[in-house]
Amino acid sequence: MTADEFRALCVPATITLREALATLDQTARGVLLVLHPDGRLRRTLTDGDLRRAALDHVSESAAIADLPQQPPITITTADSLATGVALLDRHQIDHVPVLDAGGRPVDVMFRRDLTQRIWLSSPHLGEEETAFVEDAFRSNWIAPLGPHVDGFERELAAHVGVGHAAAVSSGTAAIHLALLLLGVRPGDTVFCSSLTFVGSCNPILYCGARPVFIDSEPHSWNMSPAALERAFEWAKREGRLPRCVIVVNLYGQSADMDAIVPLCERWGVPVLEDAAESLGARYRGRASGSFGRIGVYSFNGNKIITTSGGGMLVADDAGLVERARKLATQAREPAPHYEHVEVGFNYRMSNVLAGIGRGQLKVLEQRVDQRRHVFETYRAALADAAGQMEWMPEPQGSRSTRWLTCFVLRGAHAARRRDLVLRALERHAIEARPVWKPMHLQPLFAGAPYFGHDGGDVSAALFEAGVCLPSGSNLTPAQQDRVIEQLRRALALPLE
């Protein structure tokens with residue numbers, strides 16, 4: 001619903017019942033918002049109200065004001081989607097007006113929107129996957145491991161230009177294995193990007209190690225080389241140089257690896273590249289995930305390609321990848337019976353899921369192009385809102401996949417406006433999210449050392465004002481138009 005369409009629903013109490021009926025027919029929303037002269041909501045008017053008036057023999061020329069007063073059922077801009085749904089269900093109605101602090105309507109929540117939800121990043125499957133999955137069923141090879149696992153590992157490694165790959169059950173499992181392969185032990189220190197999903201750093205705790213979090217820099221939203229350098233200097237003074245550095249490539253975009261990798265090499269510390277969100281991205285012509293000693297990808301249901309759940313560990317060192325495979329299959333020794341001398345894990349990917357991955361990998365570049373087109377559509381359509389919002393930048397030399405289209409709100413009270421925008425989109429069944437809450441602000445990691453960028457806290461600022469929009473490669477033009485219209489209206493809402 002556009003701003004003009006909303007305004008068409010707002011009518012004065014002085015119009016006649018016949019005029020109201022014509023407006024209801026023209027707007028086709030099933031409800032009118034009847035206003036007091038000062039703009040406050042007086043009541044709602046529906047087809048049912050007009051039908052009851054006709055049965056009571058009220059003249060078509062009578063004004064709406066002549067009808068019996070009926071207090072409206074409403075919510076406010078501060079109320080959640082759940083509050084609105086509860087009212088819809090309790091009163092068995094199909095729409096509920098949204099009022100500002102002064103009692104003026106600024107929106108309407110419609111039940112019909114709830115049946116047409118727009119997801120942040122839904123799976124996008126095609127015909128390629130079907131052939132591989134049917135082969136797995138036809139051959140009865142549906143258990144973990146199998147020819148599709150081997151093929152998926154080989155094909156993904158070739159696609160990203162890395163020598164070897166091991167397919168596992170999740171990106172988090174891949175990070176856990178990578179930390180073990182890099183020798184992380186209880187009591188060790190591990191540096192990690194702070195602006196990330198918790199799956200990047202939970203494995204640090206699995207290993208009994210201690211995280212140190214590194215801020216983002218504003219030009220890519222990824223790890224700040226300046227903050228990383230200060231962290232190394234501190235670690236040397238404290239006698240706790242890290243066992244490795246987990247560099248997270250956020251929202252489909254690589255960190256500044258030309259600055260980060262040499263810095264880590266100077267300190268003799270390997271890089272674990274968490275490219276869970278950035279498969280398909282490139283940096284200086286190389287694939288994201290190909291710069292570290294070990295790289296990690298995720299194929300969770302919301303990723304740019306998916307295997308429903310799954311991940312991949314990649315490295316040029318064949319020995320590292322072979323050991324990852326062993327640890328991921330319960331660390332079984334090469335014996336005719338089940339022999340174990342060390343702790344292992346049930347982390348391997350199934351042959352069926354790998355088949356889905358092989359089909360998805362064939363369309364990866366197409367998916368990247370589609371998501372980049374989604375971003376460009378948002379940017380062009382909302383160019384007139386440039387003073388209120390700033391898109392996630394794409395540094396020179398990088399090619400982002402735009403896995404998620406993200407922006408930050410600018411100006412005073414940006415954090416409050418972010419929450420207002422998110423609630424407004426959710427009321428129309430549009431899934432949007434804040435930017436990741438930084439790990440150094442999470443209760444789980446309270447007390448962990450943190451190094452900010454140039455004396456500030458870029459990660460915290462991005463979280464406070466950042467929004468992720470629906471970005472799926474299967475987002476239709478009509479769905480994106482709906483998001484754009486509702487976002488435009490949400491940006492215009494007054495703060496209370």
Side-chain angles (χ1 to χ4, degrees), residues 1-36 39-56 58-77 79 81 84-100 103-119 381 423-431 470 475-493:
M1 182 172 60
T2 67
D4 287 342
E5 289 170 336
F6 173 75
R7 282 191 290 270
L9 300 180
C10 299
V11 298
T14 54
I15 68 169
T16 66
L17 271 59
R18 181 174 184 79
E19 291 169 331
L21 181 61
T23 304
L24 276 169
D25 182 64
Q26 182 179 5
T27 55
R29 289 284 179 168
V31 65
L32 297 180
L33 308 179
V34 183
L35 307 184
H36 288 288
R40 290 180 299 112
L41 182 65
R42 175 176 178 143
R43 62 167 298 162
T44 59
L45 191 74
T46 66
D47 292 321
D49 295 323
L50 294 179
R51 187 166 55 251
R52 284 185 288 273
L55 291 173
D56 289 339
V58 178
S59 170
E60 289 184 344
S61 61
I64 296 174
D66 295 334
L67 296 179
Q69 182 61 14
Q70 181 179 313
I73 300 165
T74 65
I75 59 175
T76 72
T77 55
D79 287 325
L81 173 68
V85 171
L87 283 176
L88 292 175
D89 292 343
R90 185 184 314 139
H91 297 280
Q92 297 185 344
I93 54 179
D94 294 324
H95 24 62
V96 57
V98 183
L99 308 185
D100 65 14
R104 294 174 293 272
V106 293
D107 199 1
V108 182
M109 181 175 163
F110 291 99
R111 187 183 292 277
R112 74 174 71 170
D113 285 347
L114 304 181
T115 66
Q116 302 171 359
R117 186 165 181 80
I118 298 175
W119 299 100
R423 286 195 300 270
L425 294 176
E426 185 63 18
R427 284 196 299 270
H428 290 275
I430 296 170
E431 184 185 19
L475 192 67
T476 67
Q479 287 175 321
Q480 192 167 12
D481 287 345
R482 181 175 147 203
V483 177
I484 290 166
E485 287 298 340
Q486 293 304 329
L487 176 57
R488 189 185 302 279
R489 295 194 58 222
L491 291 171
L493 290 174

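The chain is numbered in sequence order, starting from 1.
To the nearest 0.5 angstrom, Ile430 atom CD1 is 11.0 Å from Gln480 atom CD. Once rounded to the nearest 0.5 Å, the distance linking CG of Leu45 with CG of Leu50 reads 4.5 Å. Here Leu35 contributes atom CG and Leu41 contributes atom CG; the two are 6.5 Å apart, rounded to the nearest 0.5 Å. With values rounded to the nearest 0.5 angstrom, Leu425 atom CG is found 6.0 Å from Leu487 atom CG. To the nearest 0.5 Å, atoms CG (Leu24) and CG (Leu21) are separated by 6.5 Å.
Between Leu88 and Leu114, some side-chain heavy-atom pair lies under the 4.5 Å cut-off. Using a 4.5 Å cut-off on side-chain heavy atoms (C-beta onward), Thr115 and Arg111 make no contact. Side chains of Val108 and Val98 form no contact here, defined as non-hydrogen atoms less than 4.5 Å apart. Annotation: side chain of Arg90 is in contact with side chain of Leu87 (closest heavy-atom distance under 4.5 Å). With a 4.5 Å cut-off on side-chain heavy atoms, Leu99 and Ile75 do not count as touching. With a 4.5 Å cut-off on side-chain heavy atoms, Thr46 and Asp94 do not count as touching. For the pair Leu67 and Arg43, the minimum side-chain heavy-atom distance is below 4.5 Å.
Annotation: side chain to side chain donor-acceptor pair (under 3.5 Å) contacts of Thr74 (sequence neighbours excluded): none. Listed by chain and number, the residues in a side chain to side chain donor-acceptor pair (under 3.5 Å) with Asp56 amount to none (sequence neighbours excluded). Not a single side chain to side chain contact (heavy atoms under 4.5 Å, CB included) links Asp25 to another residue, sequence neighbours left out. With sequence neighbours left out, the side chain to side chain donor-acceptor pair (under 3.5 Å) criterion links Thr23 to no other residue. Applying the side chain to side chain contact (heavy atoms under 4.5 Å, CB included) rule to Arg117 yields the partners Trp119, Glu426, Ala429, Glu431; only residues at least two apart in sequence or on another chain are considered. Scanning for salt bridge (Lys or Arg N to Asp or Glu O under 4.0 Å) contacts around Arg52 gives Asp49, with sequence neighbours left out. Remark: Thr14 engages no residue in a side chain to side chain donor-acceptor pair (under 3.5 Å) (not counting sequence neighbours). Residues satisfying the side chain to side chain contact (heavy atoms under 4.5 Å, CB included) test with Gln479, not counting sequence neighbours, are Ile118, Leu475, Thr476. Not counting sequence neighbours, the partners of Arg489 by the salt bridge (Lys or Arg N to Asp or Glu O under 4.0 Å) test are Asp107. Partners of Gln116 by side chain to side chain contact (heavy atoms under 4.5 Å, CB included), not counting sequence neighbours, listed by chain and number: Arg482.
Crowding of Gln69 atom CD: a count of heavy atoms from other residues, nucleotides or ligands under 6.0 Å exceeding 12.
Of all non-hydrogen atoms in Ala53 and Leu17, the two that sit nearest each other are CB-CD2, 3.7 Å.
Screening residues 2-17 for salt bridge (Lys or Arg N to Asp or Glu O under 4.0 Å), with sequence neighbours left out, gives Asp4-Arg7. Applying the salt bridge (Lys or Arg N to Asp or Glu O under 4.0 Å) rule to pairs touching residues 58-74 yields Arg18-Glu60, sequence neighbours excluded.
In terms of modelled atom types and a separation under 3.5 Å, the side chain of Arg29 and the main chain of Phe110 share no donor-acceptor contact.
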